[in-house]
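Since the structure comes first, as structure tokens, the remarks are kept for the end.
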Amino acid sequence: MEIIQTSENALSHSTVTAIINAPIEKVNIADWLLNLPDAEYQRCSTQHIGAAISTTFDGEPVSLNVETIGDALMVQHYVADVYRPDYCRMLSISDSITQNGRTKVQVLWELKATKIDENTCLYTNEIHATATPEMFEYIKEHGVNLADAAAARQAASDAHNHEETPNFAKSIENKALTGKYNQPF
């Protein structure tokens with residue numbers, strides 16, 4: 001899948017970090033993400049509705065996520081183009097459903113663990129959203145200004161990322177230390 005991000009179609013960019021209290025050698029973001037149970041995904045944000053794992057026809061892993069971002073219901077089809085223990089790069093052409101209808105948004109999601117010391121890592125959750133050709137048609141049809149849409153998306157995406165990132169970090173930490181997802185936060 002090709003990334004179509006340019007300065008002319010950028011909607012939002014949010015980067016949030018949190019500490020994982022586990023050695024980098026025990027952290028495996030790819031294993032955590034690509035085996036994430038639906039209930040664990042839902043526990044990480046009040047806006048998370050559901051998650052599942054699938055594959056593309058070519059066998060590439062896909063993380064399917066349903067959540068709300070601001071006033072939009074998002075159905076995301078993240079294809080993993082890089083998936084390592086310390087880094088995952090996921091790209092989705094996501095369905096965005098609002099009271100005005102349905103369109104498509106490209107979302108690049110990057111998850112990264114960086115060693116701080118022998119017992120801790122820095123987890124970085126980075127999300128880039130860009131308008132697709134379908135979205136440009138949608139905003140034209142509905143008389144929406146791209147700058148206004150981007151400002152709303154930036155605020156909603158950043159608030160969402162600030163909620164989920166520390167919970168993702170805690171979930172990754174629990175998986176690294178116990179091999180389980182369902183440890184209490």
Side-chain angles (χ1 to χ4, degrees), residues 1-19 29 33 36 41-52 54 56 60-83 86-114 122-172:
M1 188 181 313
E2 182 181 335
I3 297 174
I4 56 172
Q5 184 171 5
T6 68
S7 60
E8 292 81 34
N9 65 358
L11 291 174
S12 64
H13 179 207
S14 178
T15 303
V16 178
T17 61
I19 300 297
I29 292 173
L33 178 61
L36 187 63
Y41 175 76
Q42 289 180 41
R43 284 175 5 127
C44 290
S45 172
T46 58
Q47 297 175 47
H48 288 177
I49 297 167
S54 187
T56 65
E60 294 298 321
V62 175
S63 175
L64 301 164
N65 300 340
V66 179
E67 62 186 353
T68 56
I69 304 290
D71 65 354
L73 175 66
M74 300 295 297
V75 180
Q76 299 161 324
H77 315 266
Y78 286 111
V79 176
D81 68 351
V82 177
Y83 45 102
D86 67 329
Y87 177 71
C88 285
R89 179 181 148 114
M90 313 292 287
L91 186 60
S92 174
I93 302 299
S94 301
D95 296 288
S96 176
I97 304 161
T98 68
Q99 65 182 9
N100 292 326
R102 180 175 170 173
T103 189
K104 301 277 187 182
V105 176
Q106 178 185 268
V107 184
L108 174 63
W109 180 24
E110 295 179 277
L111 306 85
K112 182 177 183 181
T114 308
L122 182 68
Y123 172 67
T124 303
N125 200 60
E126 188 167 1
I127 303 159
H128 304 262
T130 55
T132 63
E134 293 90 347
M135 182 163 198
F136 282 115
E137 288 295 318
Y138 174 89
I139 64 175
K140 181 180 176 184
E141 181 180 309
H142 292 91
V144 176
N145 178 298
L146 182 60
D148 292 341
R153 174 68 190 217
Q154 179 63 42
S157 180
D158 202 48
H160 183 88
N161 199 10
H162 276 85
E163 179 190 16
E164 73 184 0
T165 297
N167 293 328
F168 282 165
K170 192 63 167 171
S171 180
I172 293 165

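Keep in mind that this is a model prediction, so the values were computed, not measured.
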For the backbone of [Y] and the side chain of [X], can you confirm whether one donor and one acceptor N or O come within less than 3.5 Å of each other?
| X | Y | value |
| --- | --- | --- |
| His128 | Leu108 | no |
| Thr103 | Met135 | yes |
| Ser92 | His77 | yes |
| His160 | Ala156 | no |

Using the six-membered ring wherever Trp is involved, compare the ring planes of Phe168 and Trp109 and label them parallel, tilted or perpendicular (cut-offs 30° and 60°). tilted
Residue pair [X] / [Y]: nearest heavy atoms and the distance that separates them:
| X | Y | result |
| --- | --- | --- |
| Asn167 | Cys44 | ND2-O, 3.2 Å |
| Leu11 | Val105 | CD1-CG1, 3.9 Å |
| Ser63 | Met90 | CB-CE, 3.9 Å |
| Thr130 | Ala10 | CG2-CA, 4.1 Å |
| Thr46 | Glu163 | N-OE2, 2.9 Å |
| Ile19 | Ala169 | O-CB, 3.9 Å |

Starting from the C-alpha separation in whole Å, work towards a yes-or-no answer on side-chain hydrogen bond (donor to acceptor under 3.5 Å, both in side chains) for Thr132 and Glu134. CA-CA 5 Å; Thr132 63; Glu134 293 90 347; 3.2 Å; yes
Among all residues two or more places apart in sequence or in another chain, which pass the ring-ring contact (aromatic ring centres under 6.0 Å, His included) test with His162? none
Residues in ring-ring contact (aromatic ring centres under 6.0 Å, His included) contact with Tyr123, at least two apart in sequence or another chain: none
So Ser45 and Glu67, side-chain contact (heavy atoms from CB on, under 4.5 Å) or not? Walk me through it. CA-CA 9 Å; Ser45 172; Glu67 62 186 353; 5.8 Å; no
Are any of the side-chain heavy atoms of Leu73 and Ile49 separated by less than 4.5 Å? yes
Going by heavy atoms in the side chains, are Val79 and Leu91 under 4.5 Å from each other? no
Pairing of Asp95 and Lys104 as salt bridge, 4.0 angstrom limit: yes
Would you please name every residue forming a salt bridge (Lys or Arg N to Asp or Glu O under 4.0 Å) with Asp158, sequence neighbours left out? none
Let me see the working for Thr98 and Tyr138 under side-chain hydrogen bond (donor to acceptor under 3.5 Å, both in side chains), right down to the final yes or no. CA-CA 11 Å; Thr98 68; Tyr138 174 89; 2.7 Å; yes
